[in-house]
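Inspection log for the structure reproduced underneath, given as structure tokens.
Throughout, protein chains are lettered first and strands after them, A, B, ... in sequence-line order, and every chain is numbered starting at 1. Keep in mind that what you see is a predicted model, and the values were worked out from it rather than measured.
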Amino acid sequence: MSDKVHVTLTVNGRSVDADVEPRVHLADFLRHDLGLTGTHVGCEQGACGNCTVISDGVALKSCLTLAVQADGSEIETVESLATGDQLSPLQQAFKDAHALQCGYCTPGFLMTITALERRGGALSREELRGELAGVICRCTGYETIIEAAEDHLAEVAARG
Amino acid sequence: MVDLLHRHTAAGTGLGVSLPRVEDDRLLRGEGRFVDDLHPFQALHMAVLRCPFPRAQVVSIDISAALELTGVEQILVGSQVAERSEPISVLRPVPGAPDLPFFALATDVAHFEGQPVVSVVAQSRAIAEDALDLIDVEFDPLPHVSDVVSAMEPDAPLLHPNELATNRLVTNNQERGNPDGELAASAVVASDRFFVNRVTALPMEGRAVVAEWRQGARELIVQHSTQTPHLVRKQLAEALRLDEGSIRVLTDDVGGGFGMKLGIYPEDVLACLHALELGRPVKWVEDRTEHFRASTHARESVHDASIGATADGRFTAMTNAYATDLGALNSPFGSAQLTSITFGGPYNVEHIRTERLVTVTSKTPIGAYRGYGQPESNFVREVLIDRIARQLGRDPLDLRLQNLLRPEDLPWTNHTGAILDSGDYAATLRMATERVGYDALRAAGRGPRADGRLTGVGLSCFIERTGYPSARFLANRGSQFGAHEGVTLRANRSGGIDLITGVSSFGQSSETTFAQLLSEVTGIDAGLVRVHTGDTGASPVNTGGFASRTTIAAAGAIELAGLEFVGKALRIAAWLLEIDDPTSLAVRGTDIGPRDSDGPTVPLADVFSTAILGQGIPPSEAPGLEATAYYEPQAAAYAFGSAAAVVAVDPETGDFTIERFVMVHDCGVPVNPMLVEGQVLGALAQGFGAALMEELRYDPDTGQLLNGSLLDYFAPTAADLPHVELLHTEVPSPVTPLGVRGVGEIGTIPPGAAIVNAVCDALSDPQIELSRLPVTPEAVWRALADAAAKGGRA
């Protein structure tokens with residue numbers, strides 16, 4: 001069990017070298033080895049999406065990926081979004097719309113929507129509901145999350 | 001009642017303002033501090049071996065191989081835990097019921113799938129789980145009971161033969177008038193048996209604890225994901241045989257609770273026992289598989305209910321004999337206790353009886369969950385009312401309007417002694433039906449639309465008890481907690497106020513609303529208030545965040561403490577300003593100055609620093625600027641409202657969609673309207689989940705949980721929920737500080753009945769009766785098939 005594997009990856013723009021147990025999933029590696037505890041674990045079965053991060057530009061459930069599989073990849077977590085004291089526009093949209101309550105699932109939504117934003121293209125409200133269905137929130141009922149995502153993506157589109 | 005005359009609103013951050021939340025920034029940045037985010041130096045990790053059977057004798061346990069695994073530090077079994085601790089206490093016992101004491105680990109018999117049997121502490125969670133695989137437990141499966149109906153069968157296996165002669169724990173009856181006689185004399189009676197599904201609260205963060213003991217300090221620090229830090233401390237002290245002074249519970253961010261995180265669970269005692277003996281921090285974080293089996297479930301009940309009416313539609317009587325499941329053992333709050341209190345709802349019914357029977361089964365213990373019996377009673381009553389309407393050929397809206405209590409009927413004391421304080425119930429129903437276009441929907445005819453679907457509209461009127469009506473009420477129920485909240489206000493030298501509360505932050509936004517309440521009372525800007533939560537070592541002893549009670553009780557405490565605090569601040573400011581009459585002054589933002597005119601002002605920072613330094617204060621004043629107050633509500637406030645659902649049903653497949661959902665609710669004076677909406681929308685989502693999708697299903701033969709994961713227990717996603725149209729009325733409660741009513745649970749109440757009534761309205765076949773939640777397309781299809789078999793719909 002203790003035969004560790006060396007991995008090199010980029011996390012939030014910084015190069016990381018580490019020795020990890022092969023059985024450790026990426027979420028636990030980020031949280032417990034790198035101290036990036038903003039990524040939350042809700043089920044470890046890929047169902048709740050609370051652990052969603054961005055890997056090489058694509059949203060990824062980090063509980064379904066082993067840390068060793070992330071070798072060589074570029075990972076972004078919720079900790080990358082704000083700049084200094086400034087919330088990112090998406091984070092601000094969540095705050096304005098009251099799109100979070102306990103805040104446990106929030107990083108999963110923020111990273112999912114950030115990946116959507118990068119992908120580009122217009123989404124109807126129904127399509128957006130489908131895109132966000134991979135993250136479970138038990139507090140808000142989603143209405144305000146959808147509102148925040150819609151407002152933010154519309155603003156991004158308007159900026160071109 | 002608290003004196004409301006001394007209120008200030010100068011800061012513009014008081015009642016009724018949709019201030020953004022102070023909780024948000026840290027959570028949005030990933031800087032929330034949940035228990036699993038803590039990494040104490042040299043922490044050890046606990047894993048728990050659980051009973052895989054619904055009920056089994058623990059014949060033998062062999063831990064020898066596990067003890068040899070490198071990295072394993074300690075293993076505990078039931079006999080050791082029984083020596084070293086006390087059975088876990090109950091906070092809200094079922095009135096009149098015998099104790100069913102149990103230890104943190106099963107001793108001879110394990111009573112449910114998921115009950116802890118062995119605990120292992122190791123260098124890492126992974127090693128602790130490896131060790132579980134090396135432990136050999138011989139279980140001898142025992143007969144089990146997997147639902148409340150079979151629990152009551154005469155030949156049912158006796159689950160607790162030492163404590164109970166049957167599987168009935170207790171029966172509580174409450175009656176007024178002559179319901180049986182009135183039902184017998186009624187022109188129409190609607191009766192049925194209703195089944196309410198077993199669901200689970202499902203916070204996204206499961207339970208979690210870190211315990212650390214320092215022998216020389218005699219201090220056990222317990223970092224805990226809970227809604228009730230002070231009650232956790234009480235229960236841990238009892239279970240661990242420690243004095244409360246030796247335990248400090250710290251609760252930082254909590255990833256949702258919904259009633260499920262009240263008091264302690266066995267794993268909390270286990271983590272502490274290990275920590276006490278090992279002298280190192282011990283961490284346990286529940287995984288989702290454990291959560292579905294070992295965190296409390298909710299709602300499961302069976303109701304035999306009747307409503308009678310005269311030929312002209314007046315309700316004559318209501319009865320409901322219902323059985324709720326306690327599960328296998330007590331949890332801190334046990335099965336729901338608000339079904340009887342709310343069964344009569346917002347209606348004028350003199351003759352009423354509720355019989356509450358609590359059964360034990362071989363399933364995970366039931367605990368508190370948002371709604372706590374009120375969604376159940378609402379579903380039964382509101383569905384029966386629509387059946388009365390069909391029998392009488394009356395419109396369900398007219399029938400409800402005829403029977404709703406009018407504002408002049410309030411306060412109304414119901415058959416349980418509960419007092420509905422105030423409100424205009426019919427106004428909410430009219431608003432909901434006007435918004436949804438009820439008359440047009442009803443007049444549209446019953447024919448299928450172009451897409452082949454039938455449309456229907458369904459109504460649900462509801463009340464919600466918010467807060468507790470005093471500690472005397474709780475004492476009568478045997479509850480081991482009070483109805484009060486306490487708060488400490490402490491000036492700091494920067495001109496801010498530290499507000500210290502035992503309430504923790506689990507998504508309900510108390511940090512923001514408490515600051516707003518203090519702003520309302522004192523005139524200080526809410527931005528100057530720093531709310532410190534969840535530390536039993538720092539906060540006044542309180543009750544905690546549950547039962548839609550926190551804002552009500554805390555509002556009183558904040559008002560009392562705020563008036564005392566600001567009174568002294570004004571006296572010191574008057575002294576500094578050399579003004580004779582302190583009452584001519586007021587807090588204005590960051591300064592104190594003349595209440596009604598321009599004139600010299602003094603910064604709060606100067607006043608507070610002077611007080612703290614104790615130099616230059618009036619000779620009659622003591623140094624420091626701090627106030628602690630407790631407030632105990634003397635009555636509960638009843639929130640209320642009405643909902644209307646519009647559905648479109650495929651009469652061939654039973655598939656249906658909720659095309660509109662309108663809800664009108666009244667929570668009295670809203671502290672922060674944005675947050676009120678958030679609470680209602682969130683509770684509605686859980687109400688939709690329980691009404692449409694969620695059900696913990698057990699195999700009746702094996703007694704095993706069939707869907708204990710998020711892959712097959714369907715919590716709603718963003719793609720599953722209808723858009724909600726939310727409207728408010730605002731009738732201040734006369735029985736609470738500032739006129740507030742609680743708001744946390746109300747959304748869970750109306751969806752089930754409104755949806756079922758809408759589906760039945762769409763199908764407009766009197767033979768189709770839906771009496772079971774959740775109402776799924778399959779359930780509708782089966783009802784259609786049954787009706788066809790009976791010769792109804794072809």
Which of [options] touches chain A most, by non-hydrogen pairs under 4.5 Å:
options                              : result
B:Gly256, B:Gly678, B:Ala715         : B:Gly678
B:Gly32, B:Gly682, B:Ala685          : B:Gly682
B:Glu677, B:Gln679, B:His39, B:Arg33 : B:His39
B:Leu202, B:Thr70, B:Asp287          : B:Leu202
B:Leu27, B:Asp24, B:Leu710           : B:Asp24

Quick one: what part of [X] sits under 4.5 Å from any heavy atom of chain B, side chain, backbone, both or neither?
X        : result
A:Asp28  : neither
A:Tyr104 : both
A:Glu44  : side chain
A:Thr140 : backbone
A:Ile136 : both

If we define contacts as heavy-atom pairs under 4.5 Å, which of [options] has the most with chain B?
options                               : result
A:Arg129, A:Arg138, A:His98, A:Gln101 : A:Arg138
A:Leu100, A:Leu132, A:Thr106          : A:Leu100
A:Ala133, A:Cys105, A:Gly38           : A:Ala133

Looking only at atom types and distance, does a side-chain atom of [X] sit under 3.5 Å from a main-chain N or O of [Y], one as donor and one as acceptor?
X        : Y        : answer
B:Arg288 : B:Ser709 : no
B:Arg293 : B:Gly708 : yes
A:His40  : A:Thr37  : yes
B:Thr251 : B:His224 : yes

Can you give each donor-acceptor pair under 3.5 Å made by side-chain atoms of residues 152-160 of chain A, sequence neighbours left out, with the distance rounded to 0.1 Å?
from     : atom 1 : to       : atom 2 : distance (Å)
A:His152 : NE2    : A:Glu117 : OE1    : 2.6

Portion of [X] that has a non-hydrogen atom of chain A nearer than 4.5 angstrom:
X        : value
B:Phe688 : neither
B:Thr289 : side chain
B:Asp36  : both
B:Gln508 : neither
B:Asp253 : neither
B:Phe34  : side chain
B:Ala126 : both
B:His723 : both
B:Glu31  : neither

### Query
For chain A, which residues from residues 40-47 of chain B lie under 4.5 Å away (heavy-atom distances)?
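So far as heavy atoms go, nothing in residues 40-47 of chain B approaches chain A to under 4.5 Å.
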
Could you go through B:Arg299 and B:Glu694, starting from their C-alpha distance and side-chain angles, then the distance that decides it, and tell me whether this counts as salt bridge (charged side-chain N to carboxylate O under 4.0 Å, His left out)?
CA-CA 11 Å; B:Arg299 301 246 199 283; B:Glu694 296 180 36; over 6 Å; no

Tell me, with the steps shown, if A:Val135 and A:Ile145 meet side-chain contact (heavy atoms from CB on, under 4.5 Å). CA-CA 11 Å; A:Val135 188; A:Ile145 293 173; over 6 Å; no

inquiry  = Please enumerate all residues that pass side chain to side chain donor-acceptor pair (under 3.5 Å) together with A:Glu147, with sequence neighbours excluded.
reply    =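 None.
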
* To do: Give the C-alpha distance, both sets of side-chain angles, the deciding distance and a yes or no for salt bridge (charged side-chain N to carboxylate O under 4.0 Å, His left out) between B:Asp130 and A:Arg23.
  => CA-CA 12 Å; B:Asp130 291 342; A:Arg23 64 179 172 181; 2.9 Å; yes

Exercise. Report yes or no: do B:Thr512 and B:Glu23 form a side-chain donor-acceptor pair below 3.5 Å?
Key: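 Note: B:Thr512 and B:Glu23 side chains meet the donor-acceptor criterion.
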
Chi angles and distances behind the salt bridge (charged side-chain N to carboxylate O under 4.0 Å, His left out) call for B:Lys261, B:Glu286: CA-CA 13 Å; B:Lys261 294 179 181 172; B:Glu286 183 182 56; over 6 Å; no

- Members of residues 65-91 of chain A whose heavy atoms come closer than 4.5 Å to chain B: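 Those residues of residues 65-91 of chain A which have a heavy atom under 4.5 Å from chain B are A:Val78, A:Glu79, A:Ala82, A:Gly84, A:Asp85, A:Gln86, A:Leu87, A:Gln91.
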
List the steps, then state whether side-chain contact (heavy atoms from CB on, under 4.5 Å) holds for B:Arg21 with B:Glu511. CA-CA 8 Å; B:Arg21 295 200 321 160; B:Glu511 292 173 50; over 6 Å; no

Answer yes when B:Glu290 and B:Arg125 have at least one side-chain N-carboxylate O distance shorter than 4.0 Å, and no when they do not.
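Yes, this pair counts.
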
